[in-house]
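Reading through the structure tokens given below for one structure.
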Amino acid sequence: MFCYNCGCHLSEHDFCTACGADVSLYKKIMRISNMYYNEGLEKAGVRDLTGALNSLRQSLKFNKNNIEARNLLGLVYFELGEVVAALSEWVISKNLRGEKNIADDYIDMIQANASRLDSINQTIKKYNQALAYCAQDSKDLAVIQLKKVLSLNPRFVRAHQLLALLYMDGENWEKAQRELKRCMAIDRNNTLTLRYMKEVDAMLTPEEPARQTSQKRKKDEAVRYQSDNEIIIQPLNVKEPKGNGISTIVNLGIGLIIGLAVMYFLVVPAAVSNANNEAQRTITEIGNQLDTRTARVAELETQLADLQEANDTLNQQLEGYVGTDGTLQTIDSLLTTAAQYLDTQDAQQAGASLESIAQSVNIEDTSEGFRTLYNLLLETVGPELSETYYEEGNSAYNNEDYETAIENLNRAVFFDATNSEALYQLANAYRLNGDDENAIAAYDRVIELFPDTERARRSQEYKDELSGTADGQ
């Protein structure tokens, strides 16, 4: 036992030897909790599950962190067919102690089996449907649903009890007694089961006291006397029969009629009832098979949908490689551009192709060989094209045609990122065109790429001016 205050191991004293806290009451509470746990364990061992539930709940009231009591409570719930309640207790136990906890094995035992989880879900749904049928006074349908529930989970005590109650309502006392005996085989001292069993026993043996009184009266209505060594018992009010052939024939006829009546009223209905029961069992089996096949069809449909989704994903990936804008098409375009430049030395055509490739694919996401060839072509034709676009952009800038200047200066920077004049002039064009956001971004690039230069100093001044204007607005 450990101290609630500091967590140190407690000794036989009523105080903690580490922090000095008074633990006398704490020890008493822990002992009471352990006492109820031991009591619940003993009751569970003799299948008094209801008593075990009450004891274990009391144990947890005194110590909610009693892991052994909580795990045992989950096992008792599981034995009663209450799988959801059992999982709840085991999940709480796992949260209280994450390691070296047998609740992990219990949870894995249920969750690792997909068919068992599906069976649990079906059991809950069918039991709730049976309750709905009872509320709608559709008792026959409720009986069918409960039989399906018990075929999936034969230890579900509440389903046995509800089915027995429906049999009692229909005055089918023998079947009710059979269901209640199954309940008692699972949980010996369930109060509701014992109450139902008392009612059933009273209906099955209602004439027992009268029968015993009648037998006693018959014994009393007799004369006993002894003749020599023999005791002779002579009943009273009994007349000696007179031999008469006609009365014998009449008695035989009456006996025959009674036999036929007994056969008609007892044997035939029993045979019809057995046939109906057999037909009902067949219907139940067919219903269970249909439910199983329906679940299997749903599982196969889910697998088919997953496979279709995977197939669509693979087709999209394949289209990304071989489509009009795919990786293979882009590689082919780059190789064609390189071949044409080596053949014609046309920098303008090569530059246009490189711009198109850069717009269609992220260069950083391509292979190393692709990036190497692309950068080599860009370094080869870039400086020449950058200078050409810079002159065109600068000319438009001087003519105050800032839109055209921005377009050409952007190309100049694209083909040669080290062209400081083009980058600085691009920032000025953005600024004069009223695009403060792009102007600040361009000035930041000038400051980053070309520090300690006159352009960097002026870029910082313009940036501060634009930032102050934006803050003022």
Side-chain angles (χ1 to χ4, degrees), residues 47 49-54 57 73-91 110-111 113-203 276-277 279-295 298:
R47 302 207 68 81
L49 301 185
T50 300
L53 280 179
N54 295 331
R57 286 171 181 164
L73 180 60
L75 285 175
V76 173
Y77 276 130
F78 186 80
E79 187 67 14
L80 290 171
E82 305 285 348
V83 182
V84 175
L87 282 173
S88 300
E89 296 298 333
W90 291 334
V91 169
I110 295 177
Q111 294 183 344
N113 192 335
S115 61
R116 174 173 291 182
L117 278 177
D118 181 67
S119 176
I120 292 170
N121 291 333
Q122 293 294 328
T123 300
I124 296 171
K125 291 179 182 178
K126 291 182 184 298
Y127 179 75
N128 291 335
Q129 185 63 49
L131 290 176
Y133 283 145
C134 291
Q136 298 167 7
D137 203 23
S138 300
K139 298 173 184 177
D140 293 337
L141 295 177
V143 169
I144 294 174
Q145 285 295 96
L146 289 172
K147 288 182 177 179
K148 292 180 180 180
V149 169
L150 294 174
S151 67
L152 295 173
N153 187 1
R155 312 192 72 81
F156 197 177
V157 172
R158 284 197 295 169
H160 282 294
Q161 291 173 340
L162 182 56
L163 183 57
L165 185 61
L166 290 173
Y167 283 145
M168 293 167 63
D169 183 71
E171 297 185 358
N172 199 337
W173 307 105
E174 291 81 4
K175 290 186 177 181
Q177 186 182 52
R178 184 167 59 249
E179 293 299 326
L180 292 174
K181 286 182 178 179
R182 290 172 181 170
C183 290
M184 294 181 70
I186 300 171
D187 184 7
R188 293 181 182 275
N189 292 327
N190 187 285
T191 305
L192 189 60
T193 303
L194 295 175
R195 184 186 305 167
Y196 289 168
M197 183 62 79
K198 181 179 179 181
E199 294 295 328
V200 171
D201 290 341
M203 297 305 298
N276 290 335
N277 292 336
Q280 187 63 49
R281 283 194 294 269
T282 304
I283 292 172
T284 302
E285 292 176 359
I286 293 174
N288 292 334
Q289 293 175 2
L290 288 176
D291 290 341
T292 303
R293 292 182 180 179
T294 301

Quiz item: Does any pair with a residue in residues 119-138 pass salt bridge (charged side-chain N to carboxylate O under 4.0 Å, His left out), and if so which ones, sequence neighbours excluded?
Solution: Lys126-Asp291, Asp137-Lys139
Practice problem: Go through Leu194 and Leu180 one step at a time and tell me if the side chain to side chain contact (heavy atoms under 4.5 Å, CB included) criterion holds. | Solution: CA-CA 8 Å; Leu194 295 175; Leu180 292 174; over 6 Å; no
Quiz prompt | 4.5 Å side-chain heavy-atom contact, Ile124 and Tyr127 | solution = no
Quiz prompt | Option from Met184, Lys198, Arg188 for which side-chain contact (heavy atoms from CB on, under 4.5 Å) with Thr193 holds | solution = Met184
Quiz item: Out of curiosity, Ile186 CD1 to Thr50 OG1, how far, rounded to the nearest 0.5 Å?
Solution: 11.0 Å
Practice problem: Verify the neighbour count for atom CD of Gln136: are there more than 12 heavy atoms of other residues, nucleotides or ligands below 6.0 Å? | Solution: yes
Practice problem: For residues Ala176 and Met168, report the shortest heavy-atom separation together with the two atoms involved. | Solution: CB-CG, 3.6 Å
Quiz item: Any side-chain heavy atom of Lys181 sitting closer than 4.5 Å to one from Met197?
Solution: yes
Quiz item: Is any side-chain heavy atom of Glu174 closer than 4.5 Å to a side-chain heavy atom of Gln177?
Solution: no
Quiz item: Counting distance only, does the side-chain N/O of Asn172 pair as donor-acceptor with the main-chain N or O of Tyr167 below 3.5 Å?
Solution: no
Quiz item: Is there a side-chain contact between Trp173 and Asp201 (heavy atoms, below 4.5 Å)?
Solution: no
Exercise. Kindly say whether Leu165 contributes a backbone atom to a donor-acceptor pair with the side chain of Asp169 at under 3.5 angstrom?
Key: no
Quiz item: Taking atom CG of Leu73 and atom CG of Leu75, what is their separation to the nearest 0.5 Å?
Solution: 9.0 Å
Quiz item: When you look at Arg47 and Asp187, which way does the side chain to side chain contact (heavy atoms under 4.5 Å, CB included) test go after all the steps?
Solution: CA-CA 6 Å; Arg47 302 207 68 81; Asp187 184 7; over 6 Å; no
Mind listing the side-chain donor-acceptor pairs of residues 140-160 below 3.5 Å, one per line with the distance, residues two or more places apart or on another chain?
from   : atom 1 : to     : atom 2 : distance (Å)
Ser151 : OG     : Lys148 : O      : 2.6
Asn153 : OD1    : Arg155 : N      : 3.4
Asn153 : ND2    : Gly81  : O      : 3.4
Arg155 : NE     : Glu79  : OE2    : 2.9
Arg155 : NH2    : Glu79  : OE2    : 2.5
Arg158 : NE     : Glu82  : OE2    : 2.6
Arg158 : NH2    : Glu82  : OE1    : 3.0
Arg158 : NH2    : Glu82  : OE2    : 3.4
His160 : ND1    : Glu179 : OE1    : 2.8
His160 : NE2    : Pro154 : O      : 2.7

Practice problem: Decide yes or no for Cys183 and Asn190: does some side-chain heavy atom of the first lie under 4.5 Å from some side-chain heavy atom of the second? | Solution: no
Self-check item: Any residue meeting ring-ring contact (aromatic ring centres under 6.0 Å, His included) with Tyr77, in chain and number order, not counting sequence neighbours
Solution: none
